[in-house]
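One structure is given here, and the rest of the page talks about it.
As a basis for the values below, the full set of heavy atoms in this structure was taken, side chains included, without hydrogen atoms, waters or symmetry mates. Just so you know, these numbers come straight off a predicted model, no measurement behind them.
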Amino acid sequence: MSNHQHEIPLPSEIAARMPSRHKGSVELRRSQANIPQADQYLLDTRDKADFTHTDPWRVLRIQSEFVEGFGTLAELGPAVSVFGSARTRPGTKHYDIAEQIGRRLVENNFAVITGGGPGSMEAANKGASEAGGLSVGLGIELPFEQGLNDWVDLGINFRYFFARKTMFVKYAQGFIVLPGGLGTMDELFEAMVLVQTQKVTSFPIVLVGSAFWGPLIEWVRGTLLEEGMIAEVDLDLVRVVDTAEDAVEGILAGLLQTRGRPSESIVDV
């Protein structure tokens, strides 16, 4: 008889196979995890009659997320939000650069804020934590639950994307964006719009990886600018670099260029 037939899964292996979902501070597993997301409830308008019964009460839950976020992060101090793909694997170029970025930000007296997930987020949190700085993770309820990575020192789980997004901007003094997918693009373009419309001030945005971001920048220049959809000055909203050192220098230079005091608050919410 094969020895494999007598192997008993470790508790960690069993837990890894369990479907799980965070619903705010509540963790649901197995059959209890099969529920719609809070954002789905909020944005689904198919049952319009239900609006008058649920949405006014949902406002209180949304309010609680803002209160929790504001209260937890109010004394965070200077921080930079780092974005990138959850699919970036350890040992790859982008993972290593994200880890170096986290470390260098801490060395320059910044806390590091990420989405708290795996991949580039995990790498940045790891670099910050190992450097002795504050490593923050802002998680989100998703159908494919990821959970906060092991390198997060201060973590908050959100139900609503818009509440979470507010925290990324309100408590950061700039964005560093590594290669990523739709979520990364979403955060990037939202930050660019906020700067363009002066909703936030002196907010440097640094893109890491010229090979990855170059085609996008060229499309923005060759299509959006050429078609008159943006102004030429909008091209200055971001800078593209290739190293962790240049990424952090880009944040520092962007802050010093506009006000000279990187410890000031920059967002009025």
Side-chain angles (χ1 to χ4, degrees), residues 12 15-29 33 35 37-40 65 68-69 72-73 76 79-103 105-106 110-131 133-172 175-191 207-209 212 244 247:
S12 60
R17 297 172 189 170
M18 292 181 183
S20 65
R21 174 81 59 83
H22 282 91
K23 185 179 179 184
S25 60
V26 178
E27 182 172 354
L28 304 169
R29 292 181 175 176
I35 58 170
Q37 300 173 73
D39 271 327
Q40 182 180 345
E65 292 214 336
E68 186 75 27
T72 302
L73 301 175
L76 181 61
V80 172
S81 290
V82 180
F83 297 97
S85 176
R87 303 182 184 190
T88 301
R89 295 183 178 279
T92 61
K93 175 183 176 182
H94 297 321
Y95 189 99
D96 292 342
I97 291 178
E99 190 173 340
Q100 294 170 32
I101 287 170
R103 184 178 302 110
L105 285 172
V106 167
F110 290 102
V112 172
I113 305 173
T114 79
S120 294
M121 295 174 282
E122 174 187 281
N125 285 135
K126 179 183 178 185
S129 182
E130 289 186 336
L134 183 53
S135 174
V136 180
L138 307 181
I140 184 70
E141 174 189 329
L142 293 171
F144 38 91
E145 185 67 51
Q146 297 172 326
L148 296 176
N149 67 67
D150 292 338
W151 299 99
V152 170
D153 300 318
L154 176 62
I156 308 174
N157 278 303
F158 290 87
R159 287 183 171 94
Y160 301 101
F161 264 116
F162 55 85
R164 178 183 184 237
K165 285 182 176 182
T166 299
M167 304 306 153
F168 278 133
V169 179
K170 179 171 175 59
Y171 293 102
F175 278 4
I176 294 178
V177 189
L178 291 112
L182 296 179
T184 302
M185 299 295 172
D186 177 45
E187 297 292 352
L188 167 61
F189 280 103
E190 181 168 21
L207 309 182
V208 183
F212 183 88

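A ring-centre distance under 6.0 Å is found for Phe168 and Phe83.
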Item to complete: Just do the side chain to side chain contact (heavy atoms under 4.5 Å, CB included) check on Leu105 and Val82 with the steps written out, would you?
Response: CA-CA 10 Å; Leu105 285 172; Val82 180; 3.8 Å; yes
Query raised in the report: Which is it for Thr88 and Ser120 under the side-chain hydrogen bond (donor to acceptor under 3.5 Å, both in side chains) test, yes or no, and what are the steps along the way?
Result: CA-CA 6 Å; Thr88 301; Ser120 294; 3.1 Å; yes
- prompt: Where do Arg89 and His94 land on the side chain to side chain contact (heavy atoms under 4.5 Å, CB included) test, with the steps shown first?
  reply: CA-CA 8 Å; Arg89 295 183 178 279; His94 297 321; over 6 Å; no
Side chain to side chain contact (heavy atoms under 4.5 Å, CB included) assessment of Val136 paired with Leu134:
CA-CA 6 Å; Val136 180; Leu134 183 53; 4.0 Å; yes
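Contact annotation: the side chain of Phe175 approaches that of Val169 to within less than 4.5 Å [non-hydrogen atoms, C-beta and beyond]. At a threshold of 4.5 Å between non-hydrogen side-chain atoms, the residues Val80 and Val112 do not count as touching. The shortest distance between side-chain heavy atoms of Phe158 and Glu141 does not fall below 4.5 Å. Using a 4.5 Å heavy-atom cutoff, the side chains of Ile140 and Phe161 are in contact. The shortest side-chain heavy-atom distance between Lys126 and Arg103 does not fall under the 4.5 Å cut-off. Looking at Ile101 and Leu178, their side chains come closer than 4.5 Å, going by heavy atoms from C-beta outward. In this structure, the side chains of Leu73 and Ile156 come closer than 4.5 Å at one or more pairs of heavy atoms. When side chains are defined from C-beta on, Lys165 does not count as touching Tyr160, because their heavy atoms never get closer than 4.5 Å.
Between the side chain of Asn149 and the backbone N or O of Pro118 there is no donor-acceptor pair closer than 3.5 Å. Between the Arg164 side chain and the Leu138 main chain, a donor and an acceptor come within less than 3.5 Å of each other.
In this structure, Ala79 and Ile113 approach most closely via the heavy-atom pair CB-CD1, 3.8 Å. Heavy-atom minimum distance, Glu65 versus Ala163: OE1-CB, 3.7 Å. The shortest non-hydrogen separation linking Val208 to Ala247 is CG2-CB, 3.9 Å. Taking every heavy atom of both residues into account, Ala86 and Met121 meet most closely at CB-CE, 3.7 Å. In terms of heavy-atom proximity, Gln100 sits nearest to Ala244 at CB-CB, 3.5 Å. For the residue pair Asp96 and Gly91, the shortest heavy atom distance occurs at OD2-O, 3.9 Å.
Considering OG of Ser129 and CG of Asp153, their distance stands at 4.5 Å, rounded to 0.5 Å. Here the OG-CZ distance, from Ser85 to Phe212, works out to 8.0 Å after rounding to the nearest 0.5 Å.
Within a 6.0 Å sphere centred on CD of Glu190, heavy atoms belonging to other residues, nucleotides or ligands number more than 12.
In this structure, a donor-acceptor pair under 3.5 Å is present between the side chains of Asn125 and Thr114.
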